[in-house]
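Okay, here's the structure, questions in a sec.
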2 protein chains.
Amino acid sequence: MAADNLLSQKQQAELRGIAVAVEYEHEGTVIFSEGEDARFVYLVADGVIRIGRTSDGGRRQILAFMLPGDLLGLPDAGSYVNSADVVCPSVLYRIPWAKLRDLMTREPSLQHNFLVKVAHDFREAQRRIVMLGQQNTYQRLASFLLDFIQHPAFFDKADRCLTLPLSRFDMADYLGTAPETVARGFLRLERDALVRRVTSRIVEIIDVDGLRRLQMRKRRAET
Amino acid sequence: MAADNLLSQKQQAELRGIAVAVEYEHEGTVIFSEGEDARFVYLVADGVIRIGRTSDGGRRQILAFMLPGDLLGLPDAGSYVNSADVVCPSVLYRIPWAKLRDLMTREPSLQHNFLVKVAHDFREAQRRIVMLGQQNTYQRLASFLLDFIQHPAFFDKADRCLTLPLSRFDMADYLGTAPETVARGFLRLERDALVRRVTSRIVEIIDVDGLRRLQMRKRRAET
DNA sequence: CGAAAGGTTGAAAAGCGTCAAGTTGCGTGG
DNA sequence: CCACGCAACTTGACGCTTTTCAACCTTTCG
């Protein structure tokens, strides 16, 4: 999850030539689904997008939340491998793959930019592997909160309040756990005086360093 | 984990001009470590490479095993973010970043090839997120075995024997669990008549479909 | 105002990590 | 060639963690 967008003026102009802004009003609207023909790439302009995969068992794993500046819709052999739907009203630039490909062959620096974005998402995915492989659910929740407070759109530094755009179900599917476990995680964070729940979606972050210390502990702490 | 290498004759020739083959004899030899200055990219010619990250707590998470044809050493802001060491005697082509960058600007199709490789690794990382987020350790072990039997270098179809190049510790760090749990996983797979342990590193795969069915079950099966 | 969805909490049982005690396999040196 | 020692592996036991089922509370929205 990150939002950096470094394109030259010229590149931006060229991209805008082939991109169409699309608005998604309603929460849950599907942008594309896994298996579909991949005709477009999307660039997030505003909002939050959920990228996920539904496994054969019917359970959903959320791979990432995409924010303004992020790119989504990479195909594999011509089809999407993930699904994407909007978490809240959002605006995306929709770019036809065919045209983007043309543009990239003419403009290698654009392709390089594209590569940088994919490499970034790749590293982000690796961070998540570490999180899921090494941390217990309580630590993952802490990591999740620490990631989100990096984004001014959700975190108000003045009153230290974090406004989550997500339900407990979304968080659970992102953290690879059950919604109940997430709720219990918040309960414990509150008991340990690291956060305070204002509403189920608004959390006051009381002790950032405490959250950071949590992340680094062993999965099974001796205390 | 995959090994597909689609470069044109010309590209191969140009790459060979700047690449140096490096041999690593001994198991465990470090190719690069996280935090180091990223001066080279490596292409696996022969052997198996372990890509991992050591978290602040001192625990190691193996992100991927790289096989011939795979690329490693992507930098982030000029430094490696992962560590790489050899699992068994291996040969790598070492390519200086600076020269590769030059070559890519002159040869956009090479850059495109590079992009395809990174995109592939990215999708592979996403697969691992799903595995770690949704499956229990027993299922992950099954997934791991199913991945490995795709590679003829390790799996002898004639006698259905899989020769693992990895220790139980490596598998544990890859699967995000403890070596004991991996051993117990094998015990159970054997009890369920899905595999037979010949030695600790050689496994006869008895029931591939059974392993596949395992993957798809719920984390907590009712049977 | 009532229904539905989301959220919280409790309780029971399965899953898993950790410690500890073997066992096996292998290379080294006697 | 055997004995020894070491490292990897296996297995058991125990207790913390997490899932699951179920009940209840809260909020939202028609």
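Per chain, numbering begins at 1; letters A, B, ... match sequence-line order. These values consider heavy atoms only, across backbone and side chains, with no hydrogens, waters or symmetry-generated copies. The shown structure was predicted, so the numbers you read here are calculated from the model rather than taken from an experiment.
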Could you tell me how far apart A:M171 (CE) and D:dT18 (P) are, to the nearest whole angstrom? 17 Å
Could you state the atom-to-atom distance from CG of B:L141 to C1' of C:dG17 in whole Å? 16 Å
If you compare all heavy atoms of A:G73 against all heavy atoms of A:Y80, which two are closest, and at what distance to 0.1 Å? O-CE2, 3.3 Å
B:N136 has a side chain; which of C:dG7, C:dC16, D:dT10 sits nearest to it? C:dC16
Distance in angstrom units between B:D173 CG and C:dG17 P, rounded: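 In whole Å, C:dG17 P lies 12 Å from B:D173 CG.
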How bent is the helix from C:dC1-D:dG30 to C:dG30-D:dC1, comparing axes over its five end pairs at each side, to the nearest 10°?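 One end's axis against the other's: 30°.
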Short N/O separations, protein against nucleotides 19-23 of chain D, under 3.5 angstrom:
| from | atom 1 | to | atom 2 | distance (Å) |
| --- | --- | --- | --- | --- |
| D:dT19 | OP1 | A:T177 | OG1 | 3.1 |
| D:dT19 | OP2 | A:T177 | OG1 | 2.6 |
| D:dT19 | OP2 | A:T181 | OG1 | 2.6 |
| D:dT19 | O4' | B:R220 | NH1 | 3.1 |
| D:dT19 | O2 | B:R220 | NH1 | 2.5 |
| D:dT19 | O2 | B:R220 | NH2 | 3.3 |
| D:dT20 | O4 | A:R184 | NH2 | 2.6 |
| D:dC21 | N4 | A:E180 | OE2 | 3.3 |

Check A:F154 against A:P165 and note the closest heavy-atom contact, atom names and distance. CE2-CG, 3.7 Å
Using 4.0 Å as the upper bound for N to carboxylate O, is an ion pair formed by A:D170 and A:R60? yes
If I take atom CZ in residue B:R217 and atom C1' in nucleotide C:dA14, what distance separates them, rounded to the nearest angstrom?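 My rounded result for the distance is 13 Å.
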Which atoms form the tightest heavy-atom contact between A:P68 and A:D46, and what is the distance? CG-CA, 3.9 Å
In whole angstroms, how far is the C1' atom of C:dG15 from the CD atom of B:Q135?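 Rounding to the nearest Å, CD of B:Q135 and C1' of C:dG15 are 15 Å apart.
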Give B:F186 one of three labels, base, sugar-phosphate or nothing, depending on what nucleic acid heavy atoms sit under 4.0 Å from its own. nothing
Output yes when at least one side-chain N/O atom of B:R197 is less than 4.0 Å from OP1 or OP2 of D:dT11, else no.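 Yes, such a contact exists.
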List the atom pairs, with distances to 0.1 Å, where a side-chain N or O of residues 206-216 of chain A and a protein N or O form a donor-acceptor pair under 3.5 Å, not counting sequence neighbours.
| from | atom 1 | to | atom 2 | distance (Å) |
| --- | --- | --- | --- | --- |
| A:D207 | OD1 | A:D209 | N | 3.3 |
| A:D207 | OD1 | A:G210 | N | 2.8 |
| A:D209 | OD1 | A:R212 | NH1 | 3.2 |
| A:Q215 | NE2 | A:S143 | OG | 2.9 |

Please lay out, stage by stage, how B:M171 and B:F186 fare under the test side chain to side chain contact (heavy atoms under 4.5 Å, CB included). CA-CA 12 Å; B:M171 291 188 231; B:F186 276 112; 4.0 Å; yes
Could you tell me the separation between the CZ atom of B:R168 and the C1' atom of D:dT11, rounded to a whole number of Å?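 In whole Å, D:dT11 C1' and B:R168 CZ are 13 Å from each other.
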Using atom NE2 of A:H26 as one end and atom C1' of D:dC29 as the other, report the distance to the nearest whole Å.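 It is 15 Å, rounded to the nearest whole Å.
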Send over the distance from B:E27 CD to C:dC26 P, rounded to a whole Å.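 The answer, rounded to whole Å, is 15 Å.
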Can B:R128 be said to sit on top of B:Y174's aromatic six-ring, NZ or CZ under 6.0 Å from centre and within 45° of the ring axis?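 Yes, a cation-pi geometry.
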Got a sec: does the CZ of A:R39 have more than 12 other heavy atoms crowding it under 6.0 Å?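 Atom CZ in A:R39 is not packed in, count stays at 12 or less.
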Minimal heavy-atom distance between B:E204 and B:V198, with the atoms involved, is N-CG2, 4.1 Å
